[in-house]
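Sequence lines set the chain letters: A, B, ... in the order given, protein chains first and strands last, and positions in each chain run from 1.
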Amino acid sequence: MNTTAHEYKTGWKRGLVETRISLTTPSDMLGYLVPLAIMVVVLAFMRGGSFEDAPVSLGSMSMPGIIGLNLAFGGMMTLVGALVMDRTNGTLLRAKSIPGGMTGYLVGRIVSTSMFLLLNTVVLLGVGLIVFDGLEFGSPDRWLLFVLVVAMGLISMLSIGAVLGSLVNQPQNMALVVMPFMGVVAISGIFYPIAALPEWLQAIGQVFPVYWLGLGMRHALLPDALSAVEIGDSWRTLEMFAVLAAWAVVSLAVAPRLLRRMSRRESGSSVAQRREKMQQGWG
Amino acid sequence: MAQPLTDAGPALAVSDLRMRYGDKDVLTGVDFTIEPGGVTALLGPNGAGKTTIVEILEGFRARSAGSVEVLGTDPARGGEHWRARMGIVLQEWRDNGKWRVRDLVVHFADYYRPYAEPWGADELLDMVGLAEQAGQRVQSLSGGQRRRLDVALGIIGRPALLFLDEPTTGFDPHARREFHELIHRLTDLEGTTILLTTHDLDEAEKLAERILILAGGHIIADGSPDQLARSAATVAEISWTQDGQRHVHSTEDATAFVRKLLATDDDGAVTDLEIHRASLEAAYLTLVEQFESGRSEKAVDQFREMTE
């Protein structure tokens with residue numbers, strides 16, 4: 001039996017079970033869906049608002065960005081949160097204690113996170129198309145673009161999540177990831193066109209993948225005339241894929257090394273220490 | 001495969017194992033060999049370094065010096081094949097809490113398939129007494145049930161070697177007895193060597209055929225519970241009060257000592273004379289007590305005096 005192939009297959013099965021668990025655990029679903037639902041409701045109220053003389057409402061203009069943000073936040077934070085929590089409760093150590101367990105664990109996490117996110121993306125897309133006027137999703141070239149952006153976004157955000165998750169070794173330090181992420185979101189043109197920001201903020205926003213994921217989604221879902229609102233009056237298709245790919249390549253190159261380092265450092269006493277620290281933090 | 005996978009040779013061979021954290025020596029030369037089969041207890045006060053030894057044996061921690069072979073392989077270089085031949089049960093595992101018990105067992109069995117024929121889930125759950133909980137979520141199990149699930153996951157790949165690290169910490173007497181019964185059932189499994197760490201002499205005596213006592217960074221006693229008990233019982237502890245001061249003396253020949261003591265006591269200053277035949281329990285309790293009050297070297301010396 002090829003042991004590597006077997007490890008991946010076992011990981012795949014693990015991912016399916018974890019997906020089922022997420023979908024059947026109300027607290028998991030609520031924690032995830034409530035913030036998304038709030039965002040969509042807020043956008044729905046923004047259907048009356050408009051940006052300059054754009055042909056669609058501000059709500060419709062922002063909806064594609066929400067789908068992108070969901071991918072970015074979900075892809076990254078789910079993996080960071082999982083790696084951090086699983087180190088505290090010993091799931092990772094368990095994986096380390098069985099043959100091929102670490103590979104199985106990681107493959108499982110990637111599979112379950114992707115499944116969960118893809119499902120949510122489809123739901124969000126459906127809601128967007130029904131609730132918001134002016135979205136265009138009627139032709140195969142748009143479907144293809146949408147699928148490509150989703151795939152690219154997933155790959156880059158999951159690998160960034162793996163990198164950050166292996167660096168954060170205490171649940172308390174999650175804020176070190178969440179806070180900067182929120183800052184990045186604020187300057188990524190998700191809720192309001194980035195062109196409205198001062199130029200130096202635009203420059204910083206364009207370094208991170210969140211802006212480009214939002215741009216890709218708008219490209220796939222908004223009338224072409226709206227590219228006039230974007231930087232350079234264009235969807236910048238090539239640049240969008242190039243930046244997302246660059247983030248993916250760099251993270252994928254670093255992630256395995258960091259994950260191995262993280263795994264090497266796991267032991268019963270390191271898990272116990274972490275838990276003790278966490279309890280002190282609460283006490 | 002470069003690793004020897006035969007069961008020839010000892011299950012565990014440790015020689016001059018040393019561990020140093022910063023400038024603190026935790027292990028100062030540990031030596032022992034365990035042949036395949038049976039239950040061996042590694043007994044010692046909290047903080048003696050039991051977990052450190054076990055983590056080194058499991059391949060989870062790098063040692064400072066010394067040679068270690070686990071199933072014929074250096075744990076620092078053990079691959080997945082080697083990993084597949086051992087089971088690990090840690091003190092506190094709260095992993096995979098949202099999984100259902102049976103799903104988790106079925107899933108973990110899968111990992112071992114390239115290496116061995118794993119236990120069937122229902123058969124295994126039956127053996128550890130969790131058949132009724134098969135459909136429950138792992139996080140809803142009681143402490144004792146959870147630990148029995150950990151044992152099930154530890155033996156699922158039919159390991160040659162099983163580590164149990166302080167398996168009954170925090171158990172009530174009932175859960176403890178049930179767990180001890182489970183360990184007895186495990187010893188009937190053919191060819192599984194069990195290394196159990198505990199700070200509880202009673203538990204070691206109940207479960208193990210051989211006890212290694214770890215204190216002061218090395219093994220200070222090694223033998224069957226009977227052997228250790230007998231060596232401890234050859235020594236008697238004599239205590240008396242003289243000139244308002246309490247004296248204690250350990251000796252193998254209590255009668256001769258007392259005769260001499262009283263012969264020199266012309267003015268009747270010796271009072272409250274007591275003679276105790278030392279037990280292993282007393283010797284161990286003294287060791288633990290002194291160890292915990294930070295007098296580890298004295299504790300080890302005195303223990304040796306009492307058991308040699």
Side-chain angles (χ1 to χ4, degrees), chain A residues 1-28 82 85-105 107-109 112 263-276 278-279, chain B residues 1 21 26 49-52 54-56 58-62 76 78-100 102-104 106-116 118 137-139 146 149-150 153-154 156-157 159 163 165-166 169 197:
Chain A
M1 204 182 295
N2 179 337
T3 53
T4 312
H6 182 81
E7 285 164 16
Y8 277 82
K9 205 177 99 196
T10 311
W12 168 259
K13 286 194 215 159
R14 181 176 176 85
L16 296 186
V17 177
E18 297 241 286
T19 309
R20 199 181 69 212
I21 291 174
S22 293
L23 295 176
T24 54
T25 307
S27 59
D28 277 22
M85 286 321 292
D86 288 347
R87 260 185 285 176
T88 307
N89 64 28
T91 302
L92 224 88
L93 183 62
R94 167 85 72 192
K96 194 182 167 182
S97 76
I98 55 183
M102 214 36 135
T103 310
Y105 167 82
V107 171
R109 273 293 175 211
S112 63
S263 152
R264 208 169 42 239
R265 293 181 174 182
E266 264 338 85
S267 69
S269 22
S270 64
V271 171
Q273 245 170 35
R274 219 171 277 131
R275 190 172 301 143
E276 215 165 87
M278 198 165 78
Q279 279 158 354
Chain B
M1 245 345 95
Y21 296 114
V26 178
K50 301 187 296 292
T51 299
T52 300
V54 171
E55 288 187 348
I56 291 170
E58 290 163 344
F60 286 171
R61 186 174 288 279
E80 303 296 294
H81 258 271
W82 172 76
R83 175 75 55 216
R85 301 183 62 233
M86 69 172 78
I88 295 174
V89 178
L90 295 182
Q91 289 183 33
E92 250 194 306
W93 237 334
R94 301 183 191 175
D95 60 302
N96 297 294
K98 287 175 184 162
W99 284 61
R100 296 191 189 282
R102 194 175 180 284
D103 289 347
L104 193 63
V106 168
H107 173 64
F108 278 132
D110 255 352
Y111 287 99
Y112 291 89
R113 271 181 217 290
Y115 312 96
R137 290 206 184 208
V138 172
Q139 62 199 9
R146 166 83 238 209
L149 173 63
D150 288 337
L153 296 176
I156 198 163
F163 292 104
D165 194 7
E166 304 265 356
T169 306
T197 71

Output the distance between atom [atom1] ([X]) and atom [atom2] ([Y]), rounded to the nearest 0.5 Å.
X	Y	atom1	atom2	answer
A:Arg265	B:Arg61	CZ	CZ	12.0 Å
A:Ile98	B:Ile156	CD1	CD1	9.0 Å
B:Asn96	A:Thr91	CG	OG1	4.5 Å

Practice prompt. Go through the side-chain N and O atoms of A:Thr3 and B:Glu80 and say whether any donor and acceptor fall under 3.5 Å apart.
Written response: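 There is no such pair between these side chains.
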Worksheet item: What residue, out of B:Arg137, B:Met86, B:Arg94, B:Lys98, has the most heavy-atom pairs lying under 4.5 Å from chain A?
Response: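 Among B:Arg137, B:Met86, B:Arg94, B:Lys98, the one with the most close pairs to chain A is B:Arg94.
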Discussion item. I need the minimum non-hydrogen distance between B:Ile88 and A:Ser97, along with the two atoms involved.
Written reply: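 Closest heavy-atom pair between B:Ile88 and A:Ser97: CD1-CB, 4.0 Å.
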Worksheet item: Which atom names give the shortest non-hydrogen contact between A:Tyr105 and B:Tyr111, and what distance separates them?
Response: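 So the two residues come closest at N-OH, 3.9 Å.
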Using heavy-atom distances under 4.5 Å, tell me whether [X] contacts chain B through its side chain, its backbone, both, or neither.
X	result
A:Lys96	both
A:Thr24	both
A:Asp86	neither
A:Leu93	both

Discussion item. Looking only at heavy atoms and a cut-off of under 4.5 Å, which of A:Glu18, A:Glu7, A:Met85, A:Arg20 has the most pairs with chain B?
Written reply: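 Among A:Glu18, A:Glu7, A:Met85, A:Arg20, the one with the most close pairs to chain B is A:Glu18.
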Practice prompt. May I ask you to name which of A:Pro99, A:Ala95, A:Gly268 has the most heavy-atom pairs under 4.5 Å with chain B?
Written response: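 Sorted descending by pairs with chain B, the first entry is A:Pro99.
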Fill in: Contacting moiety of B:Arg100, where chain A heavy atoms sit under 4.5 Å
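Interface part for B:Arg100: neither.
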Worksheet item: Looking only at atom types and distance, does a side-chain atom of B:Glu55 sit under 3.5 Å from a main-chain N or O of A:Ser269, one as donor and one as acceptor?
Response: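 Pair found, side chain donor or acceptor close to backbone of A:Ser269.
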Worksheet item: For B:Tyr112, what residues pass the side chain to side chain donor-acceptor pair (under 3.5 Å) criterion, not counting sequence neighbours?
Response: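 B:Tyr112 satisfies side chain to side chain donor-acceptor pair (under 3.5 Å) with no residue once adjacent residues are dropped.
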Item to complete: Using side chain to side chain donor-acceptor pair (under 3.5 Å) as the criterion, list what pairs up with A:Lys13, not counting sequence neighbours.
Response: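 With neighbours one apart ignored, the set is B:Asp110.
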Item to complete: I would like to know whether B:Arg113 and A:Thr10 meet side chain to side chain donor-acceptor pair (under 3.5 Å); could you show each step before the answer?
Response: CA-CA 10 Å; B:Arg113 271 181 217 290; A:Thr10 311; over 6 Å; no
Practice prompt. For the residue pair B:Asp150 and A:Arg94, establish whether any side-chain heavy-atom pair is separated by less than 4.5 Å.
Written response: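 Yes; the side chains approach each other to less than 4.5 Å.
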